[in-house]
Amino acid sequence: MRYDFSVTDKKWQDRWDAAGIFKAQDNSDKKKFYALVEFPYPSGAGMHIGHIKAYSSLEVVSRKRRMQGYNVLFPIGFDAFGLPTENYAIKTGIHPRQVTDNNIKHFTEQLKKVGFSFDWDRVIDTTEESYYKWTQWIFLKMFEKGLAFRDTAFVNYCPSCKVVLSNEDSQGGKCDICHSDVIQKSKDVWYLRITEYADKLLEGLEKVDYLPNIKLQQVNWIGKSTGAFVNFSLKGADETLRIYTTRPDTLFGVTFMVMAPEHPLLEKYRNRIANVKALDDYKEICSKKTEFERTQLVKDKTGVRIEGISAVNPVSGKEIPIFVSDYVMMGYGTGAIMAVPAHDQRDWEFAHKFGIDIIQVIEGGDISKEAYAGDGNMINSGFLNGLSNKKDSIARMIAYLEEKGIGEKGVQFKMKDWAFNRQRYWGEPIPIVHCPKCGMVPVPYDELPLRLPKLTNFEPGQGGESPLARIEEFVNCSCPKCGGKAKRETDTMPQWAGSSWYFLRYIDPHNDKVFADRQKLDYWLPVDWYNGGMEHVTRHLIYSRFWYKFLYDLGEVPVDEPYAKRTAQGLILGPDGDKMSKSKGNVVDPSDVIKVYGADVLRVYILFMGDYGAATPWSDNGVKGVKRFIDRFAGLTDLVKGTGVTPELESSFHKTVKKVTSDIEELKFNTAIAAMMTLLNEIYDKGSLTKDEMLTLTRLFCPFAPHICEEIWESLGQTGFASTAEWPEYDESKTVDATVEIAVQVNGKLRGTVTLSADADKDTAFAAARANEKVAAFLEGKTTVKEIYVPKKLVNIVVK
RNA sequence: GCGGGCGUGGUGGAAUGGCAGACACGUUGGUCUUAGGAGCCAAUGCCUUGCGCGUGUGGGUUCAAGUCCCACCGCCCGCACCA
């Protein structure tokens with residue numbers, strides 16, 4: 001069959017659309033399948049080839065599931081708030097609303113040209129008032145529960161974008177948006193108390209089916225550690241210095257303390273510190289360092305000893321010095337540590353530099369050379385002496401601390417609360433009113449959405465305040481509680497807000513009473529399979545699990561984990577093997593590929609190019625190879641003769657159906673396609689196939705290359721769509737061959753092959769093997785020591 | 001530094017401990033052709049062509065190792081002074 005994809009692609013896309021065959025049914029007795037892909041940020045650059053790969057896997061799975069009789073929800077939408085659009089608006093003066101609408105239109109056209117089987121009736125746009133109304137609603141619920149709060153703290157701040165960044169957005173000390181160095185700044189900011197859910201987020205991982213590396217990354221990000229808090233009494237101050245340690249059993253080895261430069265006690269007891277000047281100088285130096293410098297330049301420890309205040313080791317009673325050093329962070333634990341130089345390399349380096357005593361309390365290693373972090377008998381440790389098990393000694397020390405009231409068991413997380421506001425325009429307004437009398441007052445639910453006012457100038461304020469702060473009619477309002485004059489919060493939510501719950505809105509996207517109807521939620525949740533990028537594993541995936549678990553605790557959603565299964569695609573690299581980037585000029589535009597080869601070739605090539613989970617370079621020649629394959633596939637229609645089964649092909653068909661069916665579930669698209677190629681080669685060798693076989697192949701290939709399959713389906717006189725036909729079945733008993741070729745080894749080396757019936761017994765197999773000429777030559781004059789027979793695979797004759 | 005992953009032909013990549021290199025690209029030759037950057041057919045791991053060698057290197061377990069174990073080398077990813 002000859003076909004012109006520039007005609008047939010469009011023809012079938014239009015027909016699918018008109019027939020509405022990809023629309024999910026809300027009231028159905030069928031088994032449901034909710035497939036979710038990460039919705040795109042509609043940038044001006046249009047779709048990236050990576051988007052196609054990210055959606056292709058569940059596209060194939062969804063199409064297969066529909067053919068298997070499932071009621072499938074496979075939605076798409078747009079995560080459209082955010083800085084790139086706003087920056088573009090600043091540059092061009094075009095309103096972000098306009099920019100967003102244009103970009104969404106462009107993305108939609110591009111997505112449709114690939115032939116994705118999305119349910120286009122459920123498209124959502126996070127910047128629409130009907131959507132962000134509910135984002136604000138969830139925020140207010142969090143505010144009510146004390147999970148959204150304001151606090152003054154040192155935050156990651158991007159001086160170039162003029163925004164506060166969350167930890168997740170400033171990984172590596174670089175701004176995630178513009179890649180400038182992030183600095184630490186004390187600011188009054190909004191937080192979401194995600195740490196409250198740290199344990200739940202961790203425990204929930206045990207019951208979900210996420211790829212192991214995804215789970216592990218989340219576990220590491222949450223970073224739970226167990227240990228103890230200890231309160232050291234101070235000389236020269238009227239309170240204790242609280243520290244966190246994972247090794248309270250090394251307390252006898254503590255010879256000094258270290259506080260972070262930002263530690264509040266330093267300010268509080270400023271007038272009791274003799275060397276305030278030196279301290280201020282040091283703090284000044286630290287504050288100028290970027291987060292990057294502070295964490296990267298680990299070699300040389302710096303610090304200043306506090307004169308006038310010292311601490312007392314609670315077990316030895318010795319007075320020990322307190323230092324300020326930036327190797328201790330305010331953001332983790334209590335911002336102060338007990339230093340055990342014998343058993344912690346950082347403390348060891350610091351002690352060496354400042355000439356502090358080093359007391360070994362665990363036997364082993366050579367502490368004159370480096371700290372010893374291994375296990376061993378406790379020494380120099382009073383009541384712990386002789387204990388060799390870390391667990392025991394820690395438990396004993398914690399019991400002692402608790403008994404004496406100077407400390408207690410404790411848990412710490414690396415994960416920090418989520419800095420939640422941005423001083424920018426293009427985001428959801430935070431629905432809070434600041435009243436001089438009542439404090440922070442939520443905007444009443446019935447006034448939601450709190451709309452973004454129209455602006456013409458989107459530049460952030462010079463003092464780093466949101467552009468919204470300039471709009472007086474927005475800022476000035478009356479307090480919903482007391483009716484007095486009040487001012488609105490002018491910060492907006494970060495980009496990650498809207499995407500934290502979008503998968504719930506797909507379930508009921510047009511509801512104006514609730515974020516989604518409860519019955520529909522009960523039916524569709526959880527998401528059965530979620531695919532996305534590894535880069536979102538520590539941000540979006542954690543945030544959205546958090547929001548979801550919050551809603552679960554409110555009783556708003558039915559099950560406690562939102563995503564039953566999560567997988568991730570690997571990057572598509574440029575043809576040169578490097579990451580695609582405009583500056584390298586190695587970017588492949590999916591639209592170009594569609595223009596030249598059609599949508600099916602693009603779809604199949606992306607799934608065939610390599611292991612779906614691995615980064616794989618693009619190859620133009622590989623695309624041509626797939627084009628050849630699809631043309632050969634279409635050419636099969638010329639070989640169709642008769643109906644029924646071709647005996648020589650029967651078992652190959654069953655094997656291929658079996659392999660494709662299972663490979664799709666394991667995201668092994670490359671081998672699924674390879675199996676179809678193999679069958680194709682076999683059919684071409686044979687010279688003909690039946691109409692029934694052609695129809696089987698067409699259905700089997702339909703999820704991958706639906707346009708050409710529909711065209712073939714129609715040309716063979718079928719009514720309806722291949723896309724809605726039944727998924728082919730296979731008969732297990734017909735996947736096994738009657739005869740098999742098995743390998744014959746002598747001493748483990750291949751010396752020949754023999755053909756046997758599949759159920760041949762051991763004696764038959766060895767008789768046949770020994771009869772083989774080549775094999776016999778290697779057996780001559782040797783005695784057989786052992787005979788191994790693996791049915792259908794090989795025989796191995798061990799001789800001496 | 002810690003955690004995870006990966007090293008297989010000229011290339012992308014296949015291989016529940018059981019015939020390494022499926023499938024594809026590329027290359028070479030042939031065929032058809034006015035033409036070939038189209039199609040079709042064939043060959044294609046390497047070499048010193050043989051009891052030959054071969055999955056980063058060296059060892060080990062096993063009748064049998066790309067696969068399991070130990071050590072090392074290299075690359076990629078994540079986290080990173082986390083107390």
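First the proteins, then the strands, lettered A, B, ... as listed; each starts at 1.
Protein atom CH2 of A/W618 is 18 Å distant from nucleotide atom C1' of B/G26, rounded to whole Å. Put simply, NZ on A/K792 is 14 Å from C1' on B/G18, counting in whole angstrom units. A straight line from CG of A/L211 to P of B/C77 spans 19 Å, rounded to a whole angstrom. The CD atom of A/Q745 sits 12 Å away from the C1' atom of B/U62 (whole-angstrom rounding). Between A/K416 atom NZ and B/C82 atom C1' there is a gap of 9 Å when expressed in whole angstrom units. Spacing between atom CE of A/M330 and atom C1' of B/C81 amounts to 16 Å, rounded to whole angstrom units. Residue A/E787 contributes atom CD, which lies 21 Å from atom P of B/U62 at whole-angstrom precision. In this structure, the CH2 atom of A/W348 is 16 Å from the C1' atom of B/G1, given to the nearest Å.
Using a 4.0 Å heavy-atom criterion, one finds that A/D611 contacts the sugar-phosphate atoms exclusively. At the heavy-atom level, A/F413 lies nowhere under 4.0 Å from the strands shown. If you check every strand for non-hydrogen atoms under 4.0 Å, A/Q412 touches nothing. Within 4.0 Å of A/A675, counting heavy atoms only, lies no atom of the nucleic acid at all. Note on A/G625: only backbone sugar-phosphate atoms sit closer than 4.0 angstrom, heavy atoms only; bases stay farther off.
Only the C1' atoms considered, B/C41 is 16 Å distant from B/U33, to the nearest whole Å. When the C1' atom is compared between B/U57 and B/C75, the two are found 15 Å apart, to the nearest whole Å. Only the P atoms considered, B/C46 is 16 Å distant from B/U27, to the nearest whole Å. Rounded to a whole angstrom, the distance from the C1' atom of B/G9 to that of B/C25 is 13 Å. Comparing the C1' positions of B/U62 and B/U11 gives a spacing of 35 Å, expressed to the nearest Å. To the nearest whole angstrom, the two P atoms, one in B/G7 and one in B/U67, are 10 Å apart. Comparing B/G45 with B/A15, their C1' atoms are spaced 16 Å from each other, to the whole Å. For B/G36 and B/C23, the C1' atoms lie 27 Å apart once the distance is rounded to whole Å.
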Residue pair A/F256, A/F350: steps toward the ring-ring contact (aromatic ring centres under 6.0 Å, His included) verdict: CA-CA 10 Å; A/F256 62 103; A/F350 195 87; 5.5 Å; yes
Test side-chain contact (heavy atoms from CB on, under 4.5 Å) applied to A/V790 and A/I788, step by step: CA-CA 7 Å; A/V790 183; A/I788 287 124; 4.3 Å; yes
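Of the candidates B/C51, B/G13, B/G18, B/G18 carries the atom nearest the A/V790 side chain, counting heavy atoms from C-beta on. Among the nucleotides B/A80, B/C82, B/C19, the one closest to the side chain of A/Y332 is B/C82. With B/A20, B/A80, B/G18 as the candidates, the nucleotide lying closest to the side chain of A/I788 is B/G18. Among the nucleotides B/A83, B/C19, B/G13, the one closest to any side-chain atom of A/T245 is B/A83. If you check B/A22, B/G13, B/C63 against the side chain of A/A674, the one that comes closest is B/A22. Distances were taken from every side-chain heavy atom of A/F608 (C-beta onward) to each of B/C63, B/C19, B/A24; the shortest belongs to B/A24. Taking every side-chain heavy atom of A/T678 into account, B/C23 is the closest of B/G52, B/C23, B/A83. Picking from B/G4, B/G13, B/C19 the nucleotide with the shortest atom distance to the side chain of A/N670 gives B/G13. Side-chain atoms of A/Q217 lie closest to B/G78 of the nucleotides B/A80, B/C19, B/G78. Residue A/Y327 places its side chain closer to B/C81 than to any other of B/G18, B/C81, B/G13.
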Which nucleotides of RNA chain B pair, in dot-bracket form (Watson-Crick or G-U under 3.5 Å, | meaning another strand): (((((((..(((.....[....)))((((((.......))))))(((..).))..(((((..]....))))))))))))....
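The shortest distance between the side-chain N/O atoms of A/R628 and the OP1/OP2 oxygens of B/G26 is below 4.0 Å. For the OP1/OP2 pair of B/A24 and a distance below 4.0 Å, the side-chain nitrogens and oxygens of A/N681 include at least one atom meeting the criterion. Close to B/G26, at under 4.0 Å from its OP1 or OP2, lies a side-chain N or O of A/N621. Between A/K668 and B/A15 there is a side-chain N or O to OP1 or OP2 distance below 4.0 Å. Contact check, A/K786 against B/C63: a side-chain N or O comes under 4.0 Å of OP1 or OP2. Contact annotation: A/R346 does not reach the phosphate of B/G1 (side-chain N/O to OP1 or OP2, under 4.0 Å). Within the 4.0 Å cut-off from OP1 or OP2 of B/A83, not a single side-chain nitrogen or oxygen of A/Y244 is found. Proximity of A/T671 to the phosphate of B/C23: no side-chain N or O atom is located under 4.0 Å from OP1 or OP2. For B/C40, the OP1/OP2 oxygens have a side-chain nitrogen or oxygen of A/R632 closer than 4.0 Å.
To the nearest 0.5 angstrom, A/S325 atom OG is 8.0 Å from A/I337 atom CD1.
Note that A/K53 lies in the cation-pi zone of A/Y612, set by a 6.0 Å cut-off to the ring centre and a 45° limit from the axis. A/R603 forms no cation-pi arrangement with A/F704, by the criterion of a distance under 6.0 Å to the ring centre and an angle within 45° of the ring axis. Under the 6.0 Å distance and 45° angle rule, A/R566 does not count as a cation-pi partner of A/Y210. Under a cutoff of 6.0 Å and an axis angle of 45°, A/R346 and A/Y327 do not form a cation-pi pair.
Across the interface with RNA chain B, nearest-nucleotide mapping of A/A614 and A/N796 shows A/A614 to be the residue nearer the 5′ end. Summary of the strand contacts: A/L794 and A/N213 both lie near RNA chain B, and taking for each the nucleotide with the nearest heavy atom, the more 5' one is attributed to A/N213.
Crowding of A/K215 atom NZ: a count of heavy atoms from other residues, nucleotides or ligands under 6.0 Å exceeding 12. Around NZ of A/K655, the count of heavy atoms belonging to other residues, nucleotides or ligands within 6.0 Å exceeds 12.
A/V736 is not listed as a side-chain neighbour of A/S651, based on a closest heavy-atom distance of 4.5 Å or more. Using a 4.5 Å heavy-atom cutoff, the side chains of A/T678 and A/T656 are not in contact.
Taking the syn range as angles within 90° of 0, the glycosidic angle of B/G13 is outside it, so the base is anti. Taking the syn range as angles within 90° of 0, the glycosidic angle of B/C75 is outside it, so the base is anti.
Scanning atom types as modelled, one donor and one acceptor separated by under 3.5 angstrom connect the side chain of A/K301 and the base of B/C81.
In this structure, A/D366 pairs ionically with A/K369, as a charged nitrogen and a carboxylate oxygen lie closer than 4.0 Å.
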